[in-house]
Amino acid sequence: MAVSYKEIGLVNTVDMFKKAMDGGYAVPAYNFNNMEQLQAIILACAETKSPLILQVSSGARKYANQTLLRYMAEGAVEYAKELGGEIPIALHLDHGDTFELCKSCIETGFSSVMIDGSHHPYEKNVELTAQVVEYAHKYDVTVEGELGVLAGIEDDVVAEKSTYTKPEEVEDFVGKTGVDSLAISIGTSHGANKFKPEQCTKNEDGVFVPPPLKFDILQEIENILPGFPIVLHGSSSVPMDLVNIINKYGGEIKDAVGIPEEQLRKAASSAVCKINIDSDGRLAMTAAIRETLAEQPSVFDPRKYLGPAREALKELYKHKIINVLGSENKG
Ligand code: G3H
Ligand code: 13P
Ligand code: ZN
């Protein structure tokens, strides 16, 4: 049965991005696919009064079940109210790859969709994105497009090398498609291994320092599209303390490198209105679960290891809101 996001109490991203642009901060876009992640996200955003974009990939939608997800989103809105935080919440499809998937999400309560045509030739990307925008806007659903390719895994598509967004294409793309926001490639990438060790230098503690983001490209895009909301994918910082806990308790995560927080802070104060974070949440949860199971081998009640994992996740999300994105008290 079709349902509009408006009936569920969700919002699209128009107002969120306008306020983020004017206020010089970015809205967190946190991925989820299970209850503990959703609880942690809602708790973090309600406690900090931050606006929120709840993000679901096509893989997450398959994992969680689309019907259950629709009610989880509705539950999230009610839960935030119960916590005393009347915060704006959008439900967003992350890396939608077909018109049919975007349409199906719109019919099941999503208030925003991404159509990621970045792996297609330019003209095909324009055509596909415009088709989604035409449909979505009939229902007041906002649409994110993407220009430029991020290295790493993007929803089952693996790109070995990134291709930076070409500033000379953005005006034509936004004009022809009518997208509400644009994801760009300026050196971020998906996953916990964003750069190869040989691309990095090492600091005095022996920690990899990645090459800086291409702020010159971001600035050029801002100059061409003043006031237009820009999105950064692949923005996990991959905290070394979490990687070290995972590895200490039997994990094997090698050569992990993320985006330094100060660079994300700088991006958030510019035209970047949405910052996508998934991998850091995965690391926080895995570190807490591994630690509990290793330290307390007799535990077999999932609440005993998922509970601490949920708490660790909440703290991570709050830290990002307060210290990196600047969205605290902006809800
Ligand atoms: O950008 C990709 C997101 O981290 C979602 O990943 O497709 O494994 O759910 P996933
Ligand atoms: P990370 O892998 O850096 O968390 O990026 C997530 C993302 O871009 C989701 O679309
Ligand atoms: Zn992404």
Side-chain angles (χ1 to χ4, degrees), residues 13 26-34 37-38 40-41 52-66 69 72 90-98 101-102 105 110 112-119 143-159 162-163 165 181-195 208 210 213 230-240 242-243 246 253 255-261 263-264 267-268 272-287 313 316-317 319-321 324-325:
T13 57
V27 179
Y30 293 142
N31 289 68
F32 82 101
N33 44 58
N34 68 40
Q37 289 171 323
L38 183 59
I41 294 170
L52 165 65
I53 297 172
L54 274 175
Q55 227 166 223
V56 177
S57 70
S58 64
R61 196 163 180 252
K62 279 187 210 124
Y63 178 84
N65 177 275
Q66 63 180 61
L69 257 180
M72 285 173 87
L91 180 64
H92 175 80
L93 169 66
D94 193 22
H95 294 286
D97 56 350
T98 62
L101 175 61
C102 293
C105 285
F110 282 64
S112 179
V113 292
M114 175 188 194
I115 177 70
D116 181 358
S118 63
H119 296 91
V143 180
E144 175 185 323
E146 181 168 334
L147 267 181
V149 179
L150 272 68
I153 299 165
E154 281 201 16
D155 222 18
D156 303 333
V157 180
V158 181
S162 70
T163 316
T165 304
S181 61
L182 182 67
I184 60 166
S185 171
I186 56 165
T188 60
S189 80
H190 291 101
N193 296 80
K194 299 195 186 297
F195 303 92
F208 291 125
L213 298 180
I230 300 298
V231 176
L232 271 197
H233 283 247
S235 297
S236 279
S237 294
V238 189
M240 270 306 130
L242 297 178
V243 173
I246 292 173
I253 297 185
D255 298 335
V257 193
I259 310 296
E261 288 186 346
Q263 295 202 29
L264 296 168
V272 171
C273 292
K274 169 175 180 270
I275 290 192
N276 287 11
I277 296 166
D278 188 356
S279 297
D280 281 356
R282 297 177 181 192
L283 290 169
M285 211 169 182
T286 302
L313 258 183
L316 175 101
Y317 291 140
H319 165 75
K320 305 256 178 209
I321 287 166
V324 184
L325 309 181

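Just so it is clear, the structure is predicted and the values come from calculations on it, not from any experiment. For ligands, and for the atoms within them, numbers begin at 1 and follow the listed sequence.
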Legend entry - Numbering as shown, the atoms of ligand 2 that approach Asn31 to under 4.0 Å (heavy-atom distance): 9 (C)

Inset, instruction - Measure from atom 10 (P) of ligand 1 to every heavy atom in Arg61, Arg282, His95 and give the option owning the shortest one. - result: Arg282

Inset, instruction - Return a yes/no value for Asp280: is any of its N or O atoms, backbone included, closer than 3.5 angstrom to an N or O of ligand 2? - result: no

Inset, instruction - Decide yes or no for Ile277 and Pro28: does some side-chain heavy atom of the first lie under 4.5 Å from some side-chain heavy atom of the second? - result: no

Legend entry - ligand 2-proximal atoms of Thr188, by part, heavy-atom distance under 4.0 Å: neither

Inset, instruction - Identify, by atom number and element, the atoms of ligand 2 in contact range of His233, meaning under 4.0 Å from any of its heavy atoms. - result: 8 (O), 10 (O)

Inset, instruction - Flag Ser235 as yes when one of its N or O atoms lies below 3.5 Å from any N or O atom of ligand 2, and as no otherwise. - result: yes

Inset, instruction - Say whether His190, considering both its backbone and side-chain N or O atoms, lies within less than 3.5 Å of an N or O atom on ligand 1. - result: yes

Legend entry - Residue of the set Lys194, His319, Lys320 for which side-chain contact (heavy atoms from CB on, under 4.5 Å) holds with Ser237: Lys320

Legend entry - Gly234-ligand 2 polar pair, N/O distance under 3.5 Å: yes

Legend entry - Shortest non-hydrogen contact between Met240 and Ala256, atoms and distance: CE-O, 3.0 Å

Inset, instruction - Considering the heavy atoms of His95, write down every atom of ligand 2 situated less than 4.0 Å from one of them. - result: 10 (O)

Inset, instruction - Look at atom 2 (O) of ligand 2 and say which protein heavy atom is nearest, naming residue and atom and giving the distance to 0.1 Å. - result: Ser279 OG, 2.7 Å

Inset, instruction - May I ask you to list the atoms of ligand 1 that are less than 4.0 angstrom from any heavy atom of Asp278? - result: 3 (C), 4 (O), 5 (C), 6 (O)

Legend entry - From Leu150 atom CG to Thr188 atom OG1, the distance as rounded to the nearest 0.5 Å: 4.0 Å

Inset, instruction - Check ligand 2 against Gly191 and write out every atom of the ligand that is under 4.0 Å from a heavy-atom position of the residue. - result: 2 (O)

Inset, instruction - Decide if the gap between the ring center of Tyr317 and the ring center of Tyr30 is smaller than 6.0 angstrom. - result: yes

Legend entry - Closest to atom 7 (C) of ligand 2 among Lys194, His190, His92 (heavy-atom distance): His190

Inset, instruction - Give, for atom OG of Ser57 and atom CG of Asn276, the distance between the pair rounded to the nearest 0.5 Å. - result: 11.5 Å

Inset, instruction - Starting from atom 10 (O) of ligand 2, locate the nearest protein heavy atom and write down its residue, its atom name and how far away it is, to 0.1 Å. - result: Asp94 OD2, 2.6 Å

Inset, instruction - Using modelled atom types only, decide if a donor and an acceptor are shared between the side chain of Asp255 and the backbone of Asn193 within a distance under 3.5 Å. - result: no

Legend entry - Considering all heavy atoms, the nearest Leu69-Ala64 contact: CG-CB, 4.0 Å

Inset, instruction - Using only N, O or S atoms, tell me which atom of His233 is closest to the Zn ion (ligand 3). - result: ND1

Legend entry - Contact atoms of ligand 2, heavy-atom distance to Ile277 under 4.0 Å: 4 (O)

Inset, instruction - Tell me, please: is Ser57 in heavy-atom contact with ligand 1, that is, under 4.0 Å? - result: yes

Inset, instruction - Determine the minimum heavy-atom distance between Leu101 and Arg61, stating which atoms define it. - result: CD1-NH1, 3.6 Å

Inset, instruction - Could you tell me which non-hydrogen atom of Ile41 sits nearest to which non-hydrogen atom of Asn31, and how far apart they are? - result: CD1-O, 3.8 Å

Inset, instruction - Applying side chain to side chain contact (heavy atoms under 4.5 Å, CB included), run through Met114 and Lys274 and close with a yes or a no. - result: CA-CA 12 Å; Met114 175 188 194; Lys274 169 175 180 270; over 6 Å; no

Inset, instruction - Would you check whether Asn33 has a nitrogen or oxygen atom less than 3.5 angstrom from a nitrogen or oxygen atom of ligand 1? - result: no

